[in-house]
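Structure first, commentary second.
Every chain is numbered from 1, with letters handed out A, B, ... down the list of sequences.
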Amino acid sequence: MSEDRGRPLCVLLTDFPLADPYAGVMKGVVLGGAPDAVLVDLAHGLPAGDIAWAALQLREQAGYFPAGAVFLAVVDPGVGTARRILAAEAGLYRFVGPDNGLLHPALVALSGAAGPQIVAVDAEAVGLAPRSETFHGRDVMAPAAARLLAGAALETLGRPVDDPVALALPAARRAGAGWVGAVLAADGYGNLITSIESALLEGGEWHVYLEGRDLGPVCRTFGSVASGAVVALVGSLRRIEIAVRDGSARDRLRAAPGMQVEVRPRS
Amino acid sequence: MSEDRGRPLCVLLTDFPLADPYAGVMKGVVLGGAPDAVLVDLAHGLPAGDIAWAALQLREQAGYFPAGAVFLAVVDPGVGTARRILAAEAGLYRFVGPDNGLLHPALVALSGAAGPQIVAVDAEAVGLAPRSETFHGRDVMAPAAARLLAGAALETLGRPVDDPVALALPAARRAGAGWVGAVLAADGYGNLITSIESALLEGGEWHVYLEGRDLGPVCRTFGSVASGAVVALVGSLRRIEIAVRDGSARDRLRAAPGMQVEVRPRS
Amino acid sequence: MSEDRGRPLCVLLTDFPLADPYAGVMKGVVLGGAPDAVLVDLAHGLPAGDIAWAALQLREQAGYFPAGAVFLAVVDPGVGTARRILAAEAGLYRFVGPDNGLLHPALVALSGAAGPQIVAVDAEAVGLAPRSETFHGRDVMAPAAARLLAGAALETLGRPVDDPVALALPAARRAGAGWVGAVLAADGYGNLITSIESALLEGGEWHVYLEGRDLGPVCRTFGSVASGAVVALVGSLRRIEIAVRDGSARDRLRAAPGMQVEVRPRS
């Protein structure tokens, strides 16, 4: 496939802390196996071990990258246990990551009716030697991604898998005429990203409640309220977000992941 | 122009938090429209919404990049409001960013007597569809930068603008035989960058005062004082900086942006 | 040499704070002198001024990068003093950095019996003009790296050096049937990396003690203990690490660099 795709693109998404060399050394390994690869950081320093949040980001962001991209995703609290390492193809993209649900929502969303193709990476055949038990991102996943980037077919990396670990991302549920969901995470601005997708709120005006507290209507943009005011709006992930204009909703509202968020049509 | 310029270079400067995928997804969009682009991070995680600080950095750092670079600068607290999105050419560089003053100092400094060429990006024609109201960096600015990187002429991106939002960077003012300015920001080391440009201090010896407190003379380098001591020197932005050798001046001096800084010739 | 090496690869390792443009502007300078260079971040934001920690990382991580890579390493608290700036070749790699010990362990480890070739960079001839006294990473080291990346021979950068500043990395010492070392640093997860190399612990079972407190045996992986429990294991640097599964050992154990770590064979 790689002949038609121009430069092979490797996109990294990890929870490796930003000031550590973990993501950096993976890049060295990728370039060792795929010298022509172009490396792009999608995100590092994601909340440690938060598979669901990283899985959501991977699913939502992947489609913004060019066809042919190989995503190397590492949020791997089970490193060294029996969990498998997967390589997969879904639609126009390929993925490498641990079999803990991290890749699953993206594979489902991007593969269409045919479903994804998935293999369990043969660490002995593909990985570095010696291989640590604490950093398979470097020792197995980066080498596997490099093989794909260098032109290897998916099926050469290991045996087919038809039972990947599934992960259901948090979704809003019906509550009367509205919807109930939760805060999923705060971004670095302190904006609260929720599980309520904006597509649910077609037509009319909607009010947003955080743990029962009325935050007002869903607005179009930050500029709809005064500086320092709380504002609910449709964020860039096409979900309801709760923000403070020129401030931090996380701090102002003392909000944390898991808090209940409700939207109700204006009465 | 791009034929003569080698690989098209895209330099990113944003206030997107370091552990969020916002800068990363912009890179995907740039590569989607300009597959040969080379992406370089100048800085992310700049103080949220601090347009003046980012504008200063853009003006001071741009000239260190090769001719032909396209700067994609996003500090955009007004996203979704009526503020325009600009694409511009100044000297050997091109720029894309919101019309809030962020680009202005760089455009003035780099364009010479002819002045910059500026257009308001036609978001409908250039941007992604659908387009969010909360992330124009991804949905309009990255696509605009990609067009430039792929060889489009500036004037194809939108209509000419001759009234960009101006931004006057903080400057020192005369005070007797010396100068008075302010702390602009602290960098990650805790060094205090001030508005007093070193070019003002030609000849002789100068003393530095923070909120009236004598910090001693302007020294040549950190090594001019003992470990743990306060030192004023000419920083890499060619401005007076206040530092603590092997420590943090921000913490030691409890300093914050806006504090008064004065320099006086030695009496 | 560069003809055989494909794209010239520049790997950056610095203690520049993550949200500052210092590392970014060095990239501009490198690309200005070596337009075909491929830039890769190994790590930034390393502990400010901690030469030994950065030197350890450079020595341990370099070998994961492809042959021909040029490492641009900047942890330079003595910037502007009389300390030299070095360029060096060791085995298949080249290095640029301050002469403060930062490069030394990597040069020794990678150069084999022949030893490294080292020159003192001629800042006048190689550096930018004008040259600051506070940012030689930008003004001297990046230009020196660019020369190497553009094909210059090492000896064209300055005069040979045979007395680089040496740095002995902390090593464990014998203590009865076991070994005594120290905590070197905590990574961003809060895992404590120690000076005890796993190669010392061949065979048998070993117990780990932090400041005399028994932390239990060296385990194979994080999954060997329950979530929230302390675990000692062989980390990705092939050293004993102390972690808390799904948590931070630094916080839980109130640990800091320099604390004593001991390993003893199980009695």
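- Contacts of C:D246 with chain A are made by side-chain atoms alone, with heavy-atom separations under 4.5 Å and no backbone atom involved.
- Within the 4.5 angstrom heavy-atom criterion, no atom of A:R83 approaches chain C.
- Chain A forms more heavy-atom pairs under 4.5 Å with one residue of C:E60, C:R220, C:R245 than with any other, namely C:R220.
- When every heavy atom of C:T221 is checked against every heavy atom of A:E133, the shortest pair comes out as OG1-O, 3.2 Å.
- To the nearest 0.5 Å, atom CG of residue A:L31 and atom OH of residue C:Y64 are 15.5 Å apart.
- For the set A:V30, A:D36, A:L128, the count of heavy-atom pairs under 4.5 angstrom toward chain C peaks at A:D36.
- Every residue was checked against the side-chain contact (heavy atoms from CB on, under 4.5 Å) condition with C:P35, not counting sequence neighbours, and none meets it.
- Residues of residues 38-51 of chain C having a heavy atom under 4.5 Å from any heavy atom of chain A, listed by number: C:V40, C:D41, C:L42, C:A43, C:H44, C:G45, C:L46.
- Only the side chain of C:L9 comes within contact range of chain A, judged by heavy atoms closer than 4.5 Å.
- For the atom pair A:Y22 OH and C:Q61 CD, the distance stands at 8.5 Å (nearest 0.5 Å).
- Contacts with chain A were tallied for C:S236, C:G63, C:S227; C:S236 has the most, counting heavy-atom pairs under 4.5 Å.
- For C:E205, the CD atom is densely surrounded, since the number of other residues' heavy atoms within 6.0 Å is greater than 12.
- Residues C:P66 and A:G28 share a closest heavy-atom pair of CD-O, 3.7 Å.
- Interface with chain A: from residues 13-21 of chain C, residues C:L18 qualify, criterion being any non-hydrogen pair under 4.5 Å.
- Within residues 247-257 of chain C, no residue has any heavy atom closer than 4.5 Å to a heavy atom of chain A.
- Residue A:A34 does not touch chain C at all, counting heavy-atom pairs closer than 4.5 Å.
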